[in-house]
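Only one structure is covered here, and it is reproduced in the block below.
What you see below is based on every heavy atom in this structure, not just the backbone, and it leaves out hydrogens, waters and symmetry mates. This is a predicted model, so every value here is computed, not measured.
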Amino acid sequence: MKRLQQLALCGFLPGLITSSTAFDVNSLDAAILQDMLESYTEHQPSTCTGATGTTTFTFDYPGLNTASEWHPPFESFEEDLFLAAMTHTDAAPGKRSWTIRLGQAGNMYSHYCPDMHGETMPPQAHTDAPWIDEVHQSISVNGYLNYGAARCNGEDCPANFVHGAGTYQRDDPYTNVPFYSQSLAKHCAGDSCTFAAWGQQAHLATIFTSSVMTFNKYTNCGNGIIEHTEMVHNFAPENVEAPEHVDQTYFNFPWSGVRRSNLPYALEPDKDTGELSYDDPDTVHYCPLCGWGNDQPGGPQDMGSGRCARTDLRNLRGYTTFAEPGLFVNRETKDQQYLWCRKPGADCYASAGTCMANPSECYNENGTPKTGYTPIQLEVPAGSTPRCVNHINIFEGYQTVACNMHAAGFGNCGTYLYAGTSSDTCAPWLQGGSMGLYRQDTGAGINIPYVRHWSYSPNNKRMYFSVYSQDQTEAINLVNSVFDNTGNTTHPLSLRFETFPPGESFPGPDYNPGALDAVTFVYGDGDDYNIVPGAGRRRMGSSSRDYTVFTINWWQNGAKLTPGVTFSKRAFVFASELAAAKPTADNLVPKVIPDKIDDTRWNPRAVDIYKVGTTSFDAVAATTSQGTSTTCTSTSATLACSGFSTPKAGYVPFFHITCGASNYLGPDPYHFTPGNGEWFTFPGLSNNNAQKIRSYACAGEVESVRPTWKLIGWFDPLTCSSLGSGLSYDDNICVVPTPPPPVTAAPTSLPTGQPVTAAPTSPP
């Protein structure tokens with residue numbers, strides 16, 4: 001809700017750490033995440049500047065933000081979902097402060113602007129999907145298995161979608177509490193927060209495994225701008241027997257959207273001129289938002305040259321802006337959304353009840369009438385007033401009149417249209433709004449609450465509607481006076497029917513749309529994809545919920561992640577006034593960078609595993625980028641295995657997994673999953689479609705016990721095969737904790753991130 005509960009951010013997020021304080025959850029996490037996001041050949045560093053001292057972050061759940069107005073049945077799930085929050089505090093008098101909340105997968109599920117429109121993300125009123133679908137996330141699809149005919153044990157396959165966010169609640173009792181994609185690493189420092197997670201098969205219960213790892217880095221660029229780098233890595237072994245079962249071939253980077261009630265309008269600039277018009281209601285560069293899937297080129301959402309329809313990014317200018325209520329868009333040329341037509345060859349005088357066609361039948365997608373159909377033309381006869389008469393007195397609170405407002409010869413339209421229940425399915429911003437009749441010559445008109453019939457009898461010219469009055473004489477006189485055409489004895493007075501969003505029915509003298517709040521997604525102009533195979537595509541559309549879908553696809557030939565390969569994309573999201581959307585976005589578009597990274601381009605540092613007996617281990621990363629050695633201070637620890645901080649040919653990720661009291665260290669993320677080694681192995685699929693793969697369950701435990709995972713690094717599965725079950729992770733073995741520096745001290749270049757406790761009196 002706009003500008004409600006403008007919370008003091010310092011009081012709203014307890015335990016905030018400022019960007020001038022070294023803050024590291026674990027130095028291993030910091031090393032892996034830094035190297036994955038930065039340490040590869042041809043990496044281009046961030047261009048973000050200007051946010052110093054304005055960033056805070058926390059890993060402590062700050063409690064429910066009531067101003068976000070989440071779907072009440074799901075509010076209790078948020079604490080389990082929450083991983084971190086990151087805040088930008090705009091310097092006065094600016095109002096572009098924001099707080100983003102990141103889920104267990106490191107994906108953004110809340111983007112809250114306290115001094116602007118409020119919450120950007122949808123309220124989550126999606127059955128079985130609390131912060132699973134309608135959030136900012138990456139999605140990967142195996143096109144071979146996804147609904148593949150006869151490709152799953154001789155039968156048709158179910159859906160194969162890996163959601164960055166997590167799984168739908170469709171496997172009772174295992175998912176009565178949502179299962180979110182699992183955090184593998186996290187790190188916040190300076191103006192950035194970075195996360196790694198294991199993406200999950202979303203459609204449960206599934207017969208598929210997942211070899212998808214996601215990475216997300218958010219950098220506060222200041223001025224309301226967030227630089228977001230997202231990665232998807234296919235961590236299946238390179239020698240997998242059936243690569244078609246693990247290859248990822250279709251992607252959403254990101255799958256996202258906005259809360260329609262807070263940001264109902266979408267705008268995109270003209271492809272040729274780059275202009276983004278919003279001042280004049282007749283020339284706004286708005287996008288129709290039809291129901292999801294109706295964005296085909298040439299369809300009702302296409303505004304020409306691909307703008308607003310699903311299209312290659314090369315046909316766009318690199319960004320889409322969503323604006324708050326208060327923008328006026330003239331869709332009066334879309335009268336065909338409402339006005340009926342006489343059918344081809346029909347004689348309404350002979351069959352008044354069947355001669356008319358509703359709008360969905362009689363208009364082409366571009367708004368022109370189909371051949372032979374004759375639309376009703378709204379008009380007042382020459383030299384006359386509408387000559388209104390009473391119709392049925394008061395109807396639902398208002399006076400109903402019958403007025404001469406079209407030519408004779410039209411039959412019974414049989415329609416009832418209420419203000420606020422727009423039939424314009426591509427203008428969801430009109431829901432809850434108003435409608436009215438207006439003169440074409442002067443623009444004068446009236447709002448009306450209800451249309452009973454556009455026409456009823458071919459023997460007269462009457463339109464039947466209500467007026468915002470309860471007095472019969474007043475209502476009749478109002479319509480007759482506003483639409484008086486007695487001064488023109490030659491031509492009928494042309495009228496137009498218009499619908500308006502909630503609020504005013506027409507811009508007033510102080511109308512200033514440039515000051516409206518807006519959120520802009522910057523995704524690049526498509527030429528960026530010249531450096532990677534495949535293509536980029538933008539799609540959007542409305543839904544039946546308070547949610548407008550927005551997504552960017554990486555797809556077509558070459559959009560493929562085989563084992564060991566990573567796709568990365570740096571893009572931007574920012575909050576601003578509408579007037580600032582174009583200049584800000586134009587500056588950011590050239591900074592969007594997609595990249596496809598094979599395992600020969602990484603420049604990792606060493607990561608070593610040290611064991612203490614047969615019960616515990618620690619993993620230590622080299623202290624510098626591309627460092628080749630590590631140090632362990634424990635005299636009882638021995639080097640057990642050496643690996644790297646990033647992918648490398650012949651190496652696979654190792655995970656530390658807990659399930660209840662059990663521990664495991666090794667390459668199989670499904671080690672504790674029921675059925676592992678019986679009806680499935682990783683990577684792959686179940687050998688029996690009736691036997692499901694539940695990564696969220698622990699074999700031998702009750703349904704409520706769930707595993708946890710931590711990424712340790714990339715290791716040779718052959719030379720490190722002696723590891724496995726029974727090893728617990730203890731990050732105090734090799735590095736002695738040191739007290740944190742004073743708050744006034746400058747941050748260290750690589751904080752140790754160890755717990756602030758006294759040093760142990762003797763080695764473990």
Side-chain angles (χ1 to χ4, degrees), residues 28-29 31-33 35-36 162 181-185 196-201 208-215 232-243 245-248 561-566 599 602 604 606-611 614 616-621 639-659 662-686 693-696 698-699 707-729:
L28 177 65
D29 285 7
I32 290 175
L33 293 171
D35 291 352
M36 283 296 301
V162 175
S181 291
Q182 294 297 288
S183 175
L184 299 176
W198 178 27
Q200 297 295 308
Q201 290 287 345
F208 303 119
T209 60
S210 167
S211 60
V212 171
M213 198 179 296
T214 64
F215 296 84
V232 167
H233 170 65
N234 188 341
F235 67 88
E238 295 178 3
N239 61 351
V240 63
E241 292 183 2
H245 290 173
V246 298
D247 292 344
Q248 304 298 307
L561 292 186
T562 56
V565 180
T566 305
D599 59 14
W602 299 103
V607 175
D608 290 332
I609 296 174
Y610 293 86
K611 289 175 59 177
T614 59
S616 59
F617 78 96
D618 196 357
V620 183
L639 180 64
C641 190
S642 294
F644 298 97
S645 57
T646 69
K648 188 177 177 68
Y651 287 64
V652 295
F654 271 35
F655 308 92
H656 177 247
I657 310 174
T658 67
C659 252
S662 301
N663 290 272
Y664 165 81
L665 173 62
D668 186 358
Y670 292 89
H671 178 79
F672 290 113
T673 301
N676 191 356
E678 297 179 54
W679 57 80
F680 82 96
T681 57
F682 172 80
L685 66 155
S686 175
I693 301 174
R694 295 182 168 96
S695 60
Y696 38 89
C698 292
T708 66
W709 292 262
K710 179 177 177 60
L711 178 61
I712 303 301
W714 276 257
F715 299 88
D716 184 339
L718 299 178
T719 60
C720 296
S721 60
S722 61
L723 304 175
S725 298
L727 285 173
S728 61
Y729 178 55

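Atoms SG and CD1, from Cys698 and Ile657 in turn, are 9.5 Å apart once rounded to the nearest 0.5 Å. Taken from OH in Tyr651 to OG1 in Thr719, the straight-line distance is 6.0 Å, to the nearest 0.5 Å. Here Lys648 contributes atom NZ and Asp716 contributes atom CG; the two are 11.0 Å apart, rounded to the nearest 0.5 Å. Atom-to-atom distance recorded for Trp709:CH2 and Thr658:OG1 is 8.5 Å, nearest 0.5 angstrom. In this structure, CH2 in Trp679 is found 14.0 Å from CG in Leu685, a value given to the nearest 0.5 Å. Between the CZ atom of Phe654 and the CD1 atom of Ile609 there is a distance of 6.5 Å, given to the nearest 0.5 Å.
Summarising the geometry of Leu184 relative to Ala197, their closest heavy-atom pair is CD1-C, 3.6 Å, with the distance given to 0.1 Å. Taking every heavy atom of both residues into account, Gly684 and Thr209 meet most closely at O-OG1, 2.7 Å. For the pair Ile712 and Leu665, the tightest heavy-atom approach, listed with the atom from each and the gap, is CG1-CD1, 3.8 Å. Ala649 approaches Asp599 most closely through the heavy-atom pair CA-OD2, 3.5 Å. Met36 approaches Pro647 most closely through the heavy-atom pair SD-CD, 3.3 Å. Among all heavy-atom pairs drawn from Leu28 and Ala619, the shortest one is CD2-CB, 3.7 Å.
Annotation: side chain of Pro683 is in contact with side chain of Pro237 (closest heavy-atom distance under 4.5 Å). Within the 4.5 Å cutoff, side-chain heavy atoms of Pro669 are placed close to those of Trp198. Here the side chains of Gln200 and Val162 are not in contact, with every heavy-atom distance at 4.5 Å or above. In this structure, the side chains of Phe655 and Leu711 come closer than 4.5 Å at one or more pairs of heavy atoms. For the pair Phe682/Thr673, no side-chain contact is recorded, criterion being any heavy-atom separation below 4.5 Å from C-beta on. Counting heavy atoms from C-beta outward, Lys611 and Leu723 have side chains that approach closer than 4.5 Å. Trp602 is not listed as a side-chain neighbour of Ser645, based on a closest heavy-atom distance of 4.5 Å or more. Side-chain contact between Tyr670 and Ser210: present, with at least one pair of heavy atoms (C-beta onward) separated by less than 4.5 Å.
For the 3.5 Å distance criterion, the side chains of His671 and Asn676 fail to qualify, holding no donor opposite an acceptor. Looking at Ser642 and Asp608, their side chains do bring a donor and an acceptor atom within 3.5 Å of each other.
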Requested in this report: Decide side-chain contact (heavy atoms from CB on, under 4.5 Å) for Thr562 and Asn234; before the verdict, give the C-alpha distance in whole Å, the side-chain angles of both, and the deciding distance to 0.1 Å.
Outcome: CA-CA 7 Å; Thr562 56; Asn234 188 341; 5.5 Å; no

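Looking at Glu241, its side chain never comes within 3.5 Å of a backbone N or O of Asn239 through a donor-acceptor pair. Counting only distance, with no hydrogens or angles, the side chain of His656 and the backbone of Leu727 share a donor-acceptor pair below 3.5 Å.
Looking at Cys720, Pro653, Pro667 one by one, the single match for side chain to side chain contact (heavy atoms under 4.5 Å, CB included) with Phe715 turns out to be Cys720.
Aromatic pair Tyr729/Phe617: centroids less than 6.0 angstrom apart.
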